[in-house]
There are 2 protein chains.
Amino acid sequence: MDISARTDYAVRAMLTLARAADEERGPVSVDALATAQELPRRFLEAVVADLRSAGLVESTRGARGGYTLSRPAAEVSVGEVFRAVSGPLAEVRGLRPQDTAYTGVAEHLPALWVAVRAALRDVLDATTLADVLSGRLPEHVRPLLDAPDAWTNR
Amino acid sequence: MDISARTDYAVRAMLTLARAADEERGPVSVDALATAQELPRRFLEAVVADLRSAGLVESTRGARGGYTLSRPAAEVSVGEVFRAVSGPLAEVRGLRPQDTAYTGVAEHLPALWVAVRAALRDVLDATTLADVLSGRLPEHVRPLLDAPDAWTNR
DNA sequence: TAAATACCTACTAGTTAGATAGGATTTACG
DNA sequence: CGTAAATCCTATCTAACTAGTAGGTATTTA
């Protein structure tokens, strides 16, 4: 269960765009995005292209062009960003959780995989870019951080 | 966020061993494990080796040998199986969630990654092999399956 | 017209996933 | 004691993926 560099970069770029929108600074170039978070420029270019085809950002070409959020930061969930750049939140051997088919002892395994996906959705689809910017995660997400060993390895 | 074939196979093999322990059938060979769940035998051999070095199963060599659970199925969580065969539950660009370091707009991102890991733990560390065998997931996991669209794509 | 920018296509190196092969070692059992 | 059934060890293979780079075209502003 890895969060790829691609996804990490995408979220950070979106946060940068959210802040820019907040300050009404107009379109932000890939170059500016890369510099702001120290991301590899050429690679980021491909990532932002995915965000664009997913409709999460809009581009303006030419000099003084760049990218802007399509929607307010409070209406864009991190889960959407995930899906835009790296597909479904959870897959099992390339299948959607509910499409896995087992027999015998593994009969009930799909339920577990569906629960895993649901748990991810509960966090990622509920948390918006604005939440991350402010550091105030949603009501029902916060308790997850209060578990005694939430911040340590297990 | 993919659950690999490796992990899927590991869980299914563990479930098979759990059932065998239940019926006091003694050690189960890799060949029997592979046949029971239609898994590639040679590949499974490597997977079971990981389960062994993690201490989750014990092996007996020679004819009539095979593998047995080290602990009762009700005391082995699916999370342990995950970690045994594919490392930490959640990583960000190869780093543990709490070890990620950001500046500026991404300042609070580690909290989100930690929450994601915590959500996974809540499901995977709480669910035991016995739970999956019986189809009765833990109290606090079941509600995840009751969400209206839990079983459909989003 | 020049600079800045998105956008498109292609490429590369390294790693991982999934799987297979051959054989060495150990052990129950007839 | 011998043989078959196992684990166990090491090596290999292929395809795909990940992260990243390169070069150039199209578009727009100043």
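Atom set for the values below is all heavy atoms of this structure, side chains included, hydrogens, waters and symmetry mates excluded. Within every chain, numbering begins at 1; the chains are lettered A, B, ... in the order of the sequence lines, protein sequences first and strands thereafter.
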Please check the phosphate of C/dT5 (OP1 and OP2 only) for any side-chain N or O of A/S59 closer than 4.0 Å. no
Does any part of the side chain of B/E58, heavy atoms only, come nearer than 4.5 Å to the side chain of B/R52, both counted from C-beta? no
Short heteroatom pairs, N/O only, protein and nucleotides 24-26 of chain C, under 3.5 Å:
from   : atom 1 : to    : atom 2 : distance (Å)
C/dT25 : O2     : B/R61 : NH2    : 3.0

Counting distance only, does the side-chain N/O of B/H140 pair as donor-acceptor with the main-chain N or O of B/A126 below 3.5 Å? no
Calculate the interatomic distance between A/L51 atom CG and C/dA6 atom P; express it in whole Å. 13 Å
Nearest-angstrom distance from the residue atom CG of A/D2 to P of C/dT16: 10 Å
Considering every strand and a 4.0 Å limit on heavy-atom distances, what is the contact class for A/V48: base, sugar-phosphate, or nothing? nothing
Whichever of B/R52 and A/P40 has its nearest DNA chain D nucleotide further upstream toward 5': B/R52
When the distance from CZ of A/F43 to C1' of C/dT12 is rounded to whole Å, what number comes out? 14 Å
Answer with yes or no whether the side chains of B/D131 and B/T128 bring together a donor and an acceptor at under 3.5 Å. yes
Which is true for B/R42 with a 4.0 Å heavy-atom rule: it touches a base, it touches only sugar-phosphate, or it touches nothing? base
Measuring to OP1 and OP2 of C/dA17, would you say a side-chain N or O of B/Y9 lies under 4.0 angstrom away? no
Figure out the CG/P separation between A/L44 and C/dT5, and round it to whole Å. 14 Å
With a 4.0 angstrom cut-off to heavy atoms of chain A, pull out the first and last contacting nucleotide of DNA chain D, in 5'-to-3' order. D/dA19 to D/dT29
Cluster check B/W113, A/W151: I/L/V/M/F/W/Y, side chain < 4.5 angstrom: yes
What nucleic acid atoms does B/R41 come within less than 4.0 Å of, heavy atoms only: base, sugar-phosphate, or nothing? base
Length of the line joining A/R93:CZ and C/dA17:P, which is rounded to integer Å: 15 Å
Atom CZ of residue position B/R142 - does it have more than 12 heavy atoms of other residues, nucleotides or ligands inside 6.0 Å? yes
Taking CG from B/D50 and P from C/dA17, how many angstroms apart are they, rounded to a whole number? 11 Å
Output for pair (B/F82 CZ, A/M1 CE), nearest 0.5 Å, gives 5.5 Å
Under 6.0 Å from the CZ atom of B/R64, do we count more than 12 heavy atoms belonging to anything else shown? no
Nearest-Å distance for atom pair CG/C1', residues A/D31 and C/dA3: 13 Å
Sort out for me which residue in A/D50, A/T7, A/D2 forms a side-chain hydrogen bond (donor to acceptor under 3.5 Å, both in side chains) with A/S86. A/T7
May I ask you to check whether over 12 heavy atoms, not counting those of A/E23, lie within 6.0 Å of atom CD? yes
Between atom CD in A/E45 and atom P in C/dA10, what is the gap in whole Å? 16 Å
